[in-house]
Amino acid sequence: MHALKVTRAEDFPEWYQTVVREADLAELSPTRGSMIIKPWGMGIWERIQGELDRRIKETGHENYYFPLLIPLSFFAKEAEHVEGFAKEMAVVTHHRLKAVDGSLKPDPEAELTEPLIIRPTSETIIGDAFSRWIKSYRDLPLKLNQWANVMRWEMRTRMFLRTAEFLWQEGHTAHVDEADAMDETMLALEMYRSVAEDVLAVPVIAGEKPENERFPGAVRTYSIEAMMQDGKALQAGTSHYLGTHFAEAQNIRYQDKDGGQTLAHTTSWGVSTRLIGGVIMTHGDDDGLRTPPAIAPRQVVIVPMLRGKPEDEELKAYCASLASELGGVSVFGSPVRALVDLKDARPADKRWDWVRRGAPIICEIGPRDAANGQVTFIKRNALREGEKIKSHTLPRADFVAQVAAQLAATQQELFAEAKARLDKSIRSDFTSFADLERYYGTEDTEGEFKGWARVPWSRPTGAALEEVGERLKALKLTIRNAPLTQPSSFGACIFTGAPGVEEILIARAY
RNA sequence: CGGGGUGUAGCUCAGCCUGGUAGAGCAUUAGCUUUGGGAGCUAAGGGUCGCGAGUUCGAAUCCCGCCGCCCCGACCA
């Protein structure tokens, strides 16, 4: 008897939806395609923000805030960028409502002379600022970041993975030359790898996107790709070297040491609340989410076995002092986040709520524990032994002494489990496209796990790459990236037969 | 935006084919019992059956239109 009604094996998409709801992470809102993020989900995002923001600042960036609304004309400047986003933009055209036939409508007399678009990303308005702020090589590099919401009018939405409005961070930088901008691009990618692996316990493969998967307007796009438990890939973060495309479109020039006017090289990079979807599909199980301790809003939850009797007060005091003592212990560089759940509900219900949310350690303290000075607890990442819930008991002092190590070990175990799955699920024994077809083309074996393929290719471009894309699309596959770590020699390209120049990852993707 | 599915109580769903004025389980509320772990009994509250327009004496049920959600596709840094 699991805590969720659907298992991953039965119906993975349905399971995902169920976890989001049952772990109380978020819910759909009345606004189409947009969600209400609830405290457990928002708390996870706040931890991710904290960790990433620290890294961003440590590497010399400063936070800014740019407007939500961008003049339409700004967007029209970079041709590829326009084409990439035009189909999914929300547009503000009026500044006043008026009652017409009993219902409120935009006042025809209050139409804006120039419409505003709700930012789908901020390259254009930040580029405009860059063009004013950057005068001299002494102004470079200019490295900024903003935490913001953005909106893309998506046709098909999924909670956390693709919503119309989402929260993210976008870094934008300008540099004197390509070398410096590329260093920045790779620095951002490394920050993302570090946050994904060290904080979210989500193993990723960093690499460069093929030409047809680039960000609109980018010269080179890099990504980190994570493997979900159904074998699909999730693009968990991207970093772009934009060359001088935006500098040309928006006139971002600086006077160099020789007095000449030179175009700046820019970058942009971002991760979003989509990471939470990645955490769910990496660490979730049939009892709900297993929240990595580093991002768990509550790392230790104490459920007192209250019985509505006078001795409850003693038990509450014992739990409160335990929580307070845990708050004096440090883990991942911060005090342990402990909570005594005093909600007026049955203890068993509270326990299962925290199991579904995935609090890493759930203590269930009864009068006997209090009397004996001990702590009874369950570890969420190893909840069961067979079908049965596995419960542990330790003397209180021992529990407190080892709680930090326990949380750190849980973080490691979650990562190791996901890393092992990733490593064993990348096949590199395909030597022809026919091999791929045999493996991925077999029809409708429901829910069968198929991981990724790592194959050599000759990096075709233009129409030849389009054709490769079409052949893969027939198998519902896409090229995820060319991993940064490459062997020294390559087999023949599985698409063209020409000598390979690098290896790429191929997968089904979210 | 195309194909399929679906929408009835907070949740999961039955009822629809064969029209007759709304049900179950869980949840909620109250009382009693129980108490080392997702409790039992009793009672109560809760739904203009997604929205709109039709057919009909009568529509959750039949017809038409619209909308949301889920899956697939297209699309997607």
Side-chain angles (χ1 to χ4, degrees), chain A residues 1-6 11-18 21-22 27-33 35 80-81 83-89 120-123 150 152-159 161-164 166 168 170-171 188 192 208-210 212-218 220-225 235-242 267-272 274 287 303-309 311-312 315 345-356 362-372 374 376-378 388-389 391 393 444 446 473-474 476 478 480-481 508-510:
Chain A
M1 177 70 177
H2 289 280
L4 302 181
K5 286 174 185 163
V6 196
D11 187 341
F12 197 80
E14 180 64 25
W15 167 85
Y16 176 79
Q17 297 288 134
T18 305
R21 185 178 65 245
E22 295 292 318
E27 65 182 42
L28 287 169
S29 76
T31 310
R32 184 198 164 279
M35 59 183 179
E80 279 186 41
H81 197 61
E83 196 182 336
F85 285 107
K87 281 173 283 188
E88 51 183 38
M89 290 214 279
T121 178
S122 303
E123 273 75 5
V150 288
R152 298 174 188 181
W153 210 260
E154 299 289 351
M155 284 302 174
R156 185 176 162 191
T157 60
R158 268 189 265 220
M159 296 231 269
L161 299 175
R162 178 168 288 110
T163 46
F166 56 94
W168 79 346
E170 48 181 322
Y192 293 159
E208 182 177 358
K209 288 281 188 185
N212 60 335
E213 300 275 350
R214 276 181 206 142
F215 174 72
R220 286 195 276 280
T221 287
Y222 296 82
S223 72
I224 53 171
E225 302 283 333
Q235 179 176 300
T238 51
S239 181
H240 317 288
Y241 167 58
L242 303 173
T267 80
S268 68
W269 28 278
V271 295
S272 71
R274 172 181 251 206
D287 290 304
V303 178
M305 309 306 291
L306 302 173
R307 295 177 182 180
K309 293 185 175 169
E311 52 266 36
D312 281 0
L315 186 51
R346 282 194 293 267
D349 291 342
K350 292 197 274 191
R351 174 230 277 221
W352 286 103
D353 277 349
W354 290 111
V355 165
R356 284 185 286 262
I362 302 165
C363 301
E364 300 179 308
I365 311 285
R368 203 175 302 163
D369 294 308
N372 296 341
Q374 64 191 28
T376 298
F377 61 100
I378 53 180
K388 288 193 64 177
I389 304 298
S391 165
T393 300
D444 286 329
E446 283 294 328
K473 192 195 280 186
K476 299 180 185 176
T478 55
R480 303 318 300 159
N481 67 26
R508 294 187 171 149
Y510 278 97

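Please read these numbers as outputs of a predicted model, since none were measured by experiment. Order of the sequence lines fixes the chain letters, A, B, ..., with proteins taken first and strands second; residue numbering starts at 1 for each chain.
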Pairwise P distance, B/rU61 and B/rC17 [rounded to whole Å] = 9 Å

With heavy atoms under 4.0 Å as the rule, sort A/Pro347 into base, sugar-phosphate or nothing.
-> nothing

So, is A/Lys476 close to the B/rA74 phosphate, meaning a side-chain N or O under 4.0 Å from OP1 or OP2?
-> no

Partner nucleotide of B/rU28 by Watson-Crick or wobble geometry (both distances under 3.5 Å) | B/rA44

Between B/rA53 and B/rG15 - P atom distance, rounded Å | 28 Å

Donor-acceptor pair between A/Thr376 and A/Thr393 side chains, under 3.5 angstrom | yes

Which whole number of Å gives the distance between the C1' atom of B/rG52 and that of B/rG25?
-> 33 Å

Give one of base, sugar-phosphate or nothing for A/Lys350, where a contact means two heavy atoms less than 4.0 Å apart.
-> nothing

Determine the interatomic distance between C1' on B/rC16 and the same-named atom on B/rA59; round to the nearest Å.
-> 11 Å

Apply the test side chain to side chain donor-acceptor pair (under 3.5 Å) to residues A/Ser223 and A/Thr238: give CA-CA distance (whole Å), side-chain angles for both, the deciding distance (0.1 Å), then the verdict.
-> CA-CA 4 Å; A/Ser223 72; A/Thr238 51; over 6 Å; no

Indicate, with a heavy-atom threshold strictly under 4.0 Å, whether A/Ser223 touches base, sugar-phosphate, or nothing.
-> nothing

Spacing of the C1' atoms in B/rC13 and B/rC49 (rounded, Å) = 13 Å

pair A/Arg274-A/Arg162: side-chain heavy atoms closer than 4.5 Å = yes

Hey, does A/Thr221 reach any base, or is it just sugar-phosphate, or nothing, if we go heavy atoms under 4.0 Å?
-> nothing

Mind checking the P distance from B/rA24 to B/rA14? Whole angstroms is fine.
-> 16 Å

